[in-house]
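Following: one structure in structure tokens, then a few remarks.
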Amino acid sequence: KIQGVKFNQSEGAYISGMFSNNTPEHIAVQQELAVAKSGMDAKKDIRHKYQSIARPDWYDFNVEYMLFCVWTKCKANKKFRELLLSVPREAIIVEDTSFQPRKKNDTSAFWGCRNADIKTFNDLVEDYVNLTNKDKNKTEKARIIQEYRNNFCNYGVFRGTNAMGKILMLCKQCLHEGTEPDIDYELLKSKEIYLMGKRLDFDR
């Protein structure tokens with residue numbers, strides 16, 4: 001929930017900021033985002049469908065809004081909070097976008113990182129698993145491939161901004177320390193962000 005507005009998943013909550021003017025059109029988009037079944041539906045279907053009416057200033061505050069959404073989820077969602085705290089404190093969290101297809105206006109190298117070596121390694125693993133496990137079904141092969149991936153997640157070089165990984169690490173650190181991330185609430189307030197017709201106040 002973000003100030004009383006419930007979303008099925010945090011991707012929809014984040015994308016709602018893209019359509020956060022107090023207009024009937026944006027409220028209608030937010031209503032779709034709130035009940036989207038998955039983050040993929042929110043991102044690939046709803047966001048793409050209404051891209052032409054997005055706020056023109058979205059990229060002036062989208063990173064701070066993402067931090068706000070993730071931190072809100074950390075405080076409200078016990079399962080997510082415990083999962084984040086279970087990650088070793090010295091670990092570096094990386095949003096691995098190596099396997100996402102590159103598209104126009106691609107943001108995968110900003111929110112995450114790409115690793116060409118991992119991609120090449122994965123292609124070799126898939127060939128090997130398919131050749132040596134012809135008696136296994138698709139699901140079993142996928143499980144074996146994932147085990148190989150997990151054992152080689154530090155292989156190669158990750159390149160990208162990794163903004164999502166940094167946000168998760170910051171939130172994890174704050175949870176451990178009992179502090180709050182340094183969210184730029186003044187910026188968010190200045191942008192007059194509305195959810196379902198109600199302006200967000202961003203009071204701590």
Side-chain angles (χ1 to χ4, degrees), residues 1-18 20 33-34 36-44 47 58-100 106-115 117-119 122 146-189 191 193 195 200-204:
K1 289 183 180 180
I2 295 182
Q3 296 189 17
V5 180
K6 182 180 179 182
F7 290 86
N8 283 344
Q9 28 66 38
S10 52
E11 185 71 23
Y14 164 69
I15 296 172
S16 71
M18 194 174 189
S20 57
L33 288 166
K37 293 181 179 179
S38 70
M40 190 64 70
D41 288 341
K43 183 177 181 180
K44 299 296 184 183
R47 174 178 175 163
W58 169 234
Y59 292 107
D60 294 342
F61 67 94
N62 70 314
V63 175
E64 288 300 313
Y65 193 67
M66 175 65 89
L67 176 56
F68 167 74
C69 289
V70 174
W71 182 241
T72 300
K73 183 174 181 178
C74 285
K75 292 187 293 183
N77 188 315
K78 181 181 178 182
K79 186 176 180 181
F80 178 71
R81 181 169 64 250
E82 291 177 345
L83 180 63
L84 196 54
L85 285 169
S86 72
V87 177
R89 295 191 72 164
E90 69 277 7
I92 296 173
I93 300 174
V94 175
E95 168 106 2
D96 185 358
T97 57
S98 306
F99 302 98
Q100 292 183 15
D106 184 28
T107 61
S108 61
F110 174 75
W111 290 111
C113 293
R114 289 184 176 274
N115 185 333
D117 299 315
I118 282 278
K119 182 70 170 63
N122 183 73
Q146 189 60 53
E147 286 179 359
Y148 276 109
R149 280 186 186 173
N150 291 343
N151 288 328
F152 285 87
C153 61
N154 292 327
Y155 178 76
V157 178
F158 286 92
R159 292 181 171 87
T161 305
N162 195 34
M164 192 68 226
K166 291 173 183 176
I167 286 173
L168 290 169
M169 286 189 288
L170 174 59
C171 289
K172 178 167 71 77
Q173 179 182 344
C174 289
L175 288 172
H176 277 296
E177 296 175 353
T179 59
E180 294 253 343
D182 188 20
I183 300 170
D184 190 345
Y185 287 111
E186 292 307 312
L187 170 65
L188 295 177
K189 286 180 181 180
K191 290 301 178 177
I193 301 166
L195 278 186
L200 299 185
D201 54 31
F202 297 105
D203 289 335
R204 290 172 185 266

Taking side chain to side chain donor-acceptor pair (under 3.5 Å) as the test, write out the residues that go with Trp71, two or more places apart. Glu180
All side chain to side chain donor-acceptor pair (under 3.5 Å) counterparts of Lys43, not counting sequence neighbours: none
How would you list, by chain and number, every residue that makes a side chain to side chain donor-acceptor pair (under 3.5 Å) with Tyr148, sequence neighbours excluded? none
Check side chain to side chain donor-acceptor pair (under 3.5 Å) between Asp201 and all other residues, then give those that pass, not counting sequence neighbours. Gln3
Side chain to side chain contact (heavy atoms under 4.5 Å, CB included) between Val63 and Phe110, worked out: CA-CA 10 Å; Val63 175; Phe110 174 75; 3.7 Å; yes
If a pair satisfies salt bridge (Lys or Arg N to Asp or Glu O under 4.0 Å) and one of its residues is in residues 63-72, list it, with sequence neighbours excluded. none
Atom NZ in Lys119, atom CZ in Arg114: separation rounded to 0.5 Å? 9.5 Å
Under the 3.5 angstrom rule, does the side chain of Ser38 hit a backbone N or O of Asp41 as a donor-acceptor pair? yes
Applying side-chain contact (heavy atoms from CB on, under 4.5 Å), can you list everything that pairs with Asn8, at least two apart in sequence or on another chain? Val35
Gln9 and Leu33: which non-hydrogen atoms are nearest, and at how many Å? NE2-O, 3.5 Å
Residue pairs passing the ring-ring contact (aromatic ring centres under 6.0 Å, His included) test where at least one lies in residues 152-175, sequence neighbours excluded: Phe121-Phe152, Phe121-Tyr155
Measure up the Phe202 and Tyr185 rings against each other and bin them: parallel (under 30°), tilted (30 to 60°), perpendicular (over 60°). tilted
In chain order, what residues pass the ring pair (Phe, Tyr, Trp, His ring centres under 6.0 Å) check against Phe61, with sequence neighbours excluded? Trp58
Looking at OH of Tyr65 and CG of Leu200, how far apart are the two atoms once the value is rounded to the nearest 0.5 Å? 5.5 Å
Would you mind writing out the side-chain donor-acceptor pairs for residues 165-177 within the sub-3.5 Å range, not counting sequence neighbours?
residue: Lys166; atom: NZ; partner: Thr161; partner atom: O; Å: 3.1
residue: Lys172; atom: NZ; partner: Pro88; partner atom: O; Å: 3.4
residue: Gln173; atom: NE2; partner: Glu177; partner atom: OE2; Å: 3.3

Between Asn62 and Tyr14, is any pair of side-chain heavy atoms under 4.5 Å apart? yes
Nearest-0.5 Å distance, CG of residue Asn151 to CD of residue Gln146: 10.0 Å
With a sphere of 6.0 Å drawn around NZ of Lys189, does it hold more than 12 non-hydrogen atoms of other residues, nucleotides or ligands? yes
Search all heavy atoms of Cys74 against all heavy atoms of Arg81 and return the closest pair with its distance. O-NH1, 2.9 Å
Check: residues 89-99 side-chain donor-acceptor pairs under 3.5 Å, at least two apart:
residue: Asp96; atom: OD1; partner: Ser98; partner atom: N; Å: 3.0
residue: Asp96; atom: OD1; partner: Ser98; partner atom: OG; Å: 2.5
residue: Thr97; atom: OG1; partner: Ser108; partner atom: O; Å: 3.2
residue: Thr97; atom: OG1; partner: Cys113; partner atom: O; Å: 3.0
residue: Ser98; atom: OG; partner: Asn115; partner atom: N; Å: 2.9

Between atom CD1 of Ile193 and atom CZ of Phe68, what is the distance when rounded to the nearest 0.5 Å? 8.0 Å
Got a sec, which pairs hit salt bridge (Lys or Arg N to Asp or Glu O under 4.0 Å) with one end in residues 146-160, sequence neighbours left out? Arg143-Glu147
Sequence neighbours left out, what passes salt bridge (charged side-chain N to carboxylate O under 4.0 Å, His left out) with Asp60? Give chain and number order. Lys191
